[in-house]
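When a ligand or atom number is given, it counts from 1 through the structure's own listing order.
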Amino acid sequence: MKIKEIKTVIKEYNDESELSAEDNNLINIAREASKKAYAPYSGFKVGAALLLVNGEIIEGNNQENVSYPAGLCAERVAIFYAGAKYPDVPAKTLAITAYKDQDFIDEPVTPCGSCRQTLFEHESRFNSHIRLILAGKKKIRIVDKINDLLPLVFDKTYLEG
Ligand code: THU
């Protein structure tokens, strides 16, 4: 028996002033997008701001449905719209925020498993990485690539030969 350890590097910030103007701008856009989410069932409003390498910023927020599984997370709304509008342009950075009970949540929100797999698909399609900014009100976490949140990912090598 062997024990394997997988290392994940997460940068944590307690103060937004430590971040670049570009990152802070994305967080602010994600926060505005959070407020516009359609989340009447959970009351948990997630916002996403996706910066593409061409400088475009795509917004997304969660869109819920009375038939719960028919809804979609903020991150996938953003990444799918980016794929629809700019099919040849890789994403660079994704900021994610969440709003509930009339305020942004203190802790950084983290993408669900399906969103991680979807973001990973974008990375493999473009052979590039998406930096994630998980922004809470009191703490911000940054990871440099989806794989940091999705070790042992199911990738296309499993489907090959
Ligand atoms: N949600 C997102 O939009 N993104 C996440 O990363 C986690 C969860 C949404 C889905 C649902 O509308 C609500 O938050 C509660 O789960």
Q) Do the rings of F104 and Y99 sit parallel, tilted or perpendicular, given the 30° and 60° boundaries? A) perpendicular
(Q) I'd like to know if the side chain of E22 pairs up with that of N24 as donor and acceptor (distance under 3.5 Å, no hydrogens or angles considered). (A) no
**Q.** Residues N65 and S67: side-chain donor-acceptor under 3.5 angstrom
**A.** no
Q: Indicate yes or no: does E107 engage K139 in a salt bridge with an N to O separation below 4.0 Å.
A: yes
Q: Starting from atom 11 (C) of ligand 1, find the nearest protein heavy-atom neighbour and note its residue, name and distance.
A: E64 OE2, 3.3 Å
Q) Minimum heavy-atom separation for F126 to D88, with atom names? A) CE2-C, 3.6 Å
Q: Specify side chain, backbone, both or neither for I96, according to which of its non-hydrogen atoms lie closer than 4.0 Å to ligand 1.
A: neither
Q. For residues T110 and R116, is any side-chain donor paired with an opposing acceptor at under 3.5 Å?
A. yes
(Q) Could you check whether atom 14 (O) of ligand 1 has a protein contact, counting only heavy atoms that fall below 4.0 angstrom? (A) yes
Q. By number and element, which atoms of ligand 1 are closer than 4.0 Å to a non-hydrogen atom of P111?
A. 6 (O)
Q: Run the contact test for G71 against ligand 1 with a 4.0 Å cut-off on heavy atoms, strictly below, and give the result.
A: no
**Q.** Selection from C73, G47, G60, S34 by shortest heavy-atom distance to atom 8 (C) of ligand 1
**A.** C73
(Q) Suppose we measure from atom 9 (C) of ligand 1 to each protein heavy atom; which comes out shortest, and what is that distance? (A) N62 ND2, 3.4 Å
Q) Closer than 4.0 angstrom: is that true for some heavy atom of C112 and an atom of ligand 1? A) yes
Q. Against heavy atoms of S42, which atoms of ligand 1 measure under 4.0 Å?
A. 13 (C), 15 (C)
Q. Would you say E75 has any N or O atom under 3.5 Å from an N or O of ligand 1, going by distance alone?
A. yes
(Q) I need the nearest protein heavy-atom contact for atom 3 (O) of ligand 1: residue, atom name and distance, please. (A) A74 N, 2.9 Å
Q) Should the pair D103-K137 be classified as a salt bridge under the 4.0 Å nitrogen-to-oxygen rule? A) yes
Q. Just checking, is any N or O donor in the side chain of T118 or E75 under 3.5 Å from an acceptor N or O on the other one?
A. no
